[in-house]
Amino acid sequence: MGGSSNAGGSLNFIHQIIEEDNKTGRFEGRVCTRFPPEPNGYLHIGHAKSICLNFGTARKYGGTCNLRFDDTNPEKEEQEYVDSIMNDVRWLLAGSASDGKPDPWDGLFYASDYFDQLYEWAVALTKKGKAYVCDLTPDQVRETRGTPNKAGENSPFRDRSVEENLKLLEGMKNGEFPDGARTLRAKIDMASPNINLRDPVMYRILRATHHRTGDQWCIYAMYDYAHGQSDSIEKITHSICTLEFEHHRPLYEWFIKELGIHAPQQIEFARLNLTYTIMSKRKLLRLVKDNHVSGWDDPRMPTISGLRRRGYTPESIRAFCERIGVSKYEGTIEMAWLEDALRADLNKKAQRRMAVLRPLKVVIDNYPETQIEELDAVNNPEYPSAGTRKVPFSRELYIEHTDFHENPPKGYFRLAPGKEVRLRWAYFLKCEKIIKDDAGNVIELRCTYDPTTKGGNAPDGRKVKGTIHWVSAHHAVPAEVRLYDHLCKVPFPEDVPEGQDFLVNLNPNSLEVVTAMLEPNLMNAAIGSSYQFERLGYFNVDKDSAAGKLVLNRAVTLADTWAKIEKKGK
RNA sequence: UGGGGUAUAGUGUAACGGUAGCACAACUGACUCUGGAUCAGUUUGUCUAGGUUCGAAUCCUAGUACCCCAGCCA
């Protein structure tokens, strides 16, 4: 479970604040957090950090954590997003609840649950002379707001009487004015150095159908007016959010104070950035809408649904969130961390199989033509309890094209002319002859095997350095395998030259599709199941699979020392 | 030119006046029927300049760099 600090015993700065509050009895020892997404897109790995932090913090201190949808903008929000978010949170936190409840959240709420209360409070603030109806157009509001270096000017409508304001506010609510004609604004200080305090808009007139309240309302609270009070209503103690809301905090505190209601402590932390991908919801939406990817759950996407489809496990994502820690420093985590978390998890869980991604045919000349042997292969060397399976062996095999070199480079200990390797779980194999097509490409190898080496060991004690994987040609199950690489071709894709946008940094080779040959054991592999293809990586059965047609995604490759050596040689 | 934040190895994150630690990455080596995994080890760091102190990443002063803020988005 995420949330606690990564170094044993030490606390992250948020937990330090909480422990201090608990010590002083500030919230009677209660710890109540919430994860408050806007349902305007799919959750991504950055949200996972927040989810792990909020839920993890509540669990750590015996408190509660709510899931609340901040659905105050009906123009961008949809039920599809609500559903996907609940689904993703359930999946991410599955199995982590101590009480065995089906849903990980303690309370499920919507800001739209509070529309009536929020409006009542707006009336109360208006009565207090702390809010007014303003007739300025959006352009005029912008012009009179001032700049960071220049104070704003008061709206000419700022001093309307309470009676008039009340009447106009009710009129706004009752649909008497066109969209955008008026707003309700907080009366604070147009000269504040904090622009959020320069009479911010509380309500706008907007005739849009809300995914939950339908056409009941034609005015909608702004996020800044809704968020703090929603936290207050839920008696949240620690309202954890990202850094950009830091200078909104005085505004939230102003509303809470004027209303005289429960005051949560807002704490801001740095959002997650990852190399070789993008995290902006707006940009992710664009990738989906413009078909740069197949959807929100495209395995190249940093979305939770994309990672799930790619083959990431909830445990690996939680471990990742735990390890990256939490601070106010806006850094960028290397993608290798995420990949490492997956490998660490799957190395223990995934059964091993053999699969050949780029088949090269091998004929074993001295192996009986019609003979087939069932050889024993270990399912997971990490856990012998995972057992063994039978793998058919015959005269014609496929091996990996990259496991053969006609002119092997120095240090290469796979197959080459006249060289001997071990076939995993089978026999020693020696390359005798190369067969090429007219263009000079190697298309087949004629080899011999040593029948005394069955199982992979030579009775004469001779050693081979290389062990390669293989599949019996006649038993092989063809499958579509999708080889994924980073979404972006550079570590910081959002850094683009003037006038260009991040699309120029999309990785054109982020997906390569091959027809692979799998060992027959995989024939009926279940959708969503993960395997390690020996020497290649971890693969997950995709939902596009159908009877007789397997589709697999490569979640992550194995660490590849040889590839590193090869690269260095160049 | 205003306000709010943040600076510790390549990347993150600890150390809360007392030996700068951990993880990932990189590099060595051992082991290995996965060039996987595992194990052992190595390299690399306190933004700068002053000051306080027996002692400073930590306290003080002055700088520097980077991020955020001028939606009727969240």
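Throughout, protein chains are lettered first and strands after them, A, B, ... in sequence-line order, and every chain is numbered starting at 1. Note that this is a predicted model, so its numbers are computed, not measured.
B:A9 and B:C24: their C1' atoms are spaced 12 Å apart (whole Å). When the C1' atom is compared between B:G50 and B:G12, the two are found 31 Å apart, to the nearest whole Å. Straight-line distance between the C1' atoms of B:U1 and B:C59: roughly 32 Å, to the nearest whole Å. Taking atom C1' in both B:U58 and B:C47, the straight-line distance is 15 Å, to the nearest Å. Atom P of B:C22 sits at a distance of 26 Å from the matching atom of B:C31, rounded to the whole Å. Annotation: B:A56 and B:A49 have their C1' atoms spaced 15 Å apart (nearest Å). Rounded to whole Å, the separation between the C1' atoms of B:G2 and B:U61 comes to 23 Å. When the P atom is used for both B:U38 and B:G45, the distance is 27 Å, rounded to whole Å.
Among the heavy atoms of the strands lying under 4.0 Å from A:T332 are primed sugar atoms or P, OP1, OP2 only; no base atom is included. Residue-level contact check: A:F245 touches the bases, meaning some heavy atom is under 4.0 Å from a base atom. Looking at heavy-atom distances under 4.0 Å, A:F413 makes contact with a base. Counting any heavy atom pair closer than 4.0 Å across all strands shown, A:R249 reaches no nucleic acid atom. Contact annotation for A:S192: no contact, since no heavy-atom pair falls under 4.0 Å across all strands. At a threshold of 4.0 angstrom between heavy atoms, the contacts of A:N457 include nucleobase atoms, whether or not backbone atoms are also involved. Among the protein residues, A:F533 comes within range of no part of the nucleic acid, since none of its heavy atoms lies under 4.0 Å from any strand. When heavy atoms are screened at a 4.0 angstrom cut-off, A:R422 is found touching base atoms of the nucleic acid. Among the protein residues, A:L136 comes within range of the nucleic acid bases, having at least one heavy atom under 4.0 Å from a base atom. Counting any heavy atom pair closer than 4.0 Å across all strands shown, A:G331 reaches sugar-phosphate atoms only and no base atom. Heavy atoms of A:I333 sit under 4.0 angstrom from primed sugar atoms or phosphate atoms, though from no base atom.
Checked by distance alone, A:H247 brings no side-chain donor or acceptor within 3.5 Å of a matching partner on the base of B:C69. Residue side chain A:Q532 reaches the base of B:U34 through a donor-acceptor N/O pair under 3.5 Å, judged by distance alone. Between the side chain of A:E268 and the base of B:G4 there is no donor-acceptor pair of N/O atoms closer than 3.5 Å. Contact annotation: side chain of A:R352 to base of B:U34, donor-acceptor pair present below 3.5 Å. For A:R323 against B:G12, no side-chain N or O and base N or O form a donor-acceptor pair under 3.5 Å.
Side-chain N/O atoms of A:S327 include one lying less than 4.0 angstrom from OP1 or OP2 on B:U13. Of the side-chain N and O atoms in A:K281, none sit less than 4.0 angstrom from OP1 or OP2 of B:C73. The side chain of A:R145 contributes an N or O atom lying less than 4.0 Å from OP1 or OP2 of B:G71.
The aromatic ring centroids of A:F393 and A:W425 lie 6.0 Å or more from each other. Taking the six-membered ring where the residue is Trp, the centroids of A:F245 and A:Y223 are separated by under 6.0 Å. The six-membered or imidazole ring of A:Y220 lies away from that of A:Y203, with a centre-to-centre distance of 6.0 Å or more.
Exactly one of A:E78, A:K281, A:E75 qualifies for a side-chain hydrogen bond (donor to acceptor under 3.5 Å, both in side chains) with A:N40. That residue is A:K281. For the salt bridge (Lys or Arg N to Asp or Glu O under 4.0 Å) criterion with A:E420, the lone passing option out of A:K463, A:R462, A:K465 is A:R462.
Which of B:U1, B:C24, B:C67 sits closest to the side chain of A:N149 comes down to B:U1. Closest to the A:T183 side chain, of the nucleotides B:C72, B:G36, B:G35, is B:C72. Nearest to the side chain of A:P193, among B:U34, B:G3, B:A70, sits B:G3.
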Would you please test A:Q140 and A:R142 for side-chain hydrogen bond (donor to acceptor under 3.5 Å, both in side chains) and show each step? CA-CA 5 Å; A:Q140 290 170 320; A:R142 192 184 333 116; over 6 Å; no
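A heavy-atom distance below 4.5 Å is found between the side chains of A:S239 and A:R34.
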